[in-house]
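All values below were derived from every heavy atom in this structure, side-chain atoms included, with hydrogens, water molecules and symmetry-related copies excluded. So you know, we letter chains A, B, ... as the sequences are listed, proteins then strands, and number each from 1.
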Amino acid sequence: MPELPEVELTRRHLDEAMRGRRLVRVSTTHPRTARHNAGGATEVDERLEGRTVREVGRKGKFLAAPLDDGQTLIAHLGMSGRFTIGDPSEEVALHTHFRATLDDGVEVRFIDPRTFGFVAVVSPEEMVESGLSRVGPDAWEMAPTAPDLADALGKRTAPVKALLLDQVIVSGLGNIYADEALHLAGIHPLRPGGELTVSDLERLLAAIEIVLGQALENGGTSLDDLAYLLPDGRAGENLERLRVYGRTGLPCPTCGAAVERIVIRARSSHFCPVCQPAP
DNA sequence: AACGATCCCTGTTGGC
DNA sequence: TGCCAACAGGGATCGT
């Protein structure tokens, strides 16, 4: 699944290809991909065509590209979305829902089998109304300090795992890296968020930085099913570096105990029962 | 307000 | 071997 590292690697490729480029022709071909614009695919295409991309940025798992007229192109990879950058003559892959031809002849495509992702174009006013304005501090670029995080968690009673997935508190973590960071920090996923000490949170923030940094260095995590691929078609190599995610029953890399799996908020959580003591 | 459940979707997997 | 139900999950939405 694309989480912060995969989105960031995608951003770098898109910025390289799109910065300063004009969108000559845009074609959105799936209604769910355009669902965040009331006018659907037609509106997305019309509002994007002719615009020039200033740069491609990112906040959490959202890609946000400001345009020359003040609008912003927003994209989310959902759980199966990926971009490709290439020649318009290349064969169009199944589940290609968005295509944009740039003024240098390059074509950017969005492929998303499960359609959890989307492409949207918003004005500054619409930006305020959109979910993007509510996205919290980016876990990589502007991670909060431990005291700030303690403040944000307050007396929250929800499991820390659920709170890490809440993009309002810290943005960019998904199921894989949340599990990985909690393991590295030695924190059980069911610990109530508000009960974590500043010391716990310092270890957690350090773990998040390590886990995300390692994933970025390794080109992201490509699961074997709906493999996440970089825009250049390469697969990430971080899968083999995962410590607990998807490793139920296998030995914990730290102590050797069998990794366990439980369900929290309808999401699988993997943890070591020894290194991450139950609350 | 906070929390938890439900829904969306389709490729893959596992059980019979 | 073949079929089909179950599973995976980010975020929006809704009920409590």
- [ ] With axes from five pairs an end, tell me the bend angle of the helix from B/dA2-C/dT16 to B/dC16-C/dG2, nearest 10°.
- [x] 50°
For atom [atom1] of [X] and atom [atom2] of [N], their distance in whole Å:
X	N	atom1	atom2	value
A/His95	B/dG11	NE2	C1'	8 Å
A/Leu77	C/dG11	CG	P	10 Å
A/Arg32	B/dC7	CZ	P	14 Å
A/Tyr177	C/dG9	OH	P	14 Å
A/Ile262	C/dG9	CD1	P	13 Å

Output all residues satisfying side chain to side chain donor-acceptor pair (under 3.5 Å) with [X], sequence neighbours left out; order by chain, then residue number.
X	answer
A/Arg19	A/Asp15
A/Asp200	A/Arg191, A/Thr197, A/Arg203
A/His270	A/Asp179

- [ ] Please name all residues satisfying salt bridge (charged side-chain N to carboxylate O under 4.0 Å, His left out) with A/Asp104, sequence neighbours left out, ordered by chain then number.
- [x] A/Arg21
Open item on the list: OP1 or OP2 of C/dG11 versus the side-chain N and O atoms of A/Gln167: is any pair under 4.0 Å?
Closed with: yes
Open item on the list: By a 5.5 angstrom centroid cut-off and a 30 degree plane limit, is there stacking between A/Phe116 and C/dG9?
Closed with: yes
Protein-nucleotides 2-6 of chain B N/O pairs under 3.5 Å:
from, atom 1, to, atom 2, distance (Å)
B/dC3, OP1, A/Thr157, N, 2.5
B/dC3, OP1, A/Thr157, OG1, 3.0
B/dC3, OP1, A/Ala158, N, 3.0
B/dC3, OP2, A/Arg156, NE, 2.2
B/dC3, OP2, A/Arg156, NH2, 2.9
B/dG4, OP2, A/Arg265, NH1, 2.1

Task: Enclosure of A/Glu237 CD (heavy-atom neighbours >12, cutoff 6.0 Å) - done: no
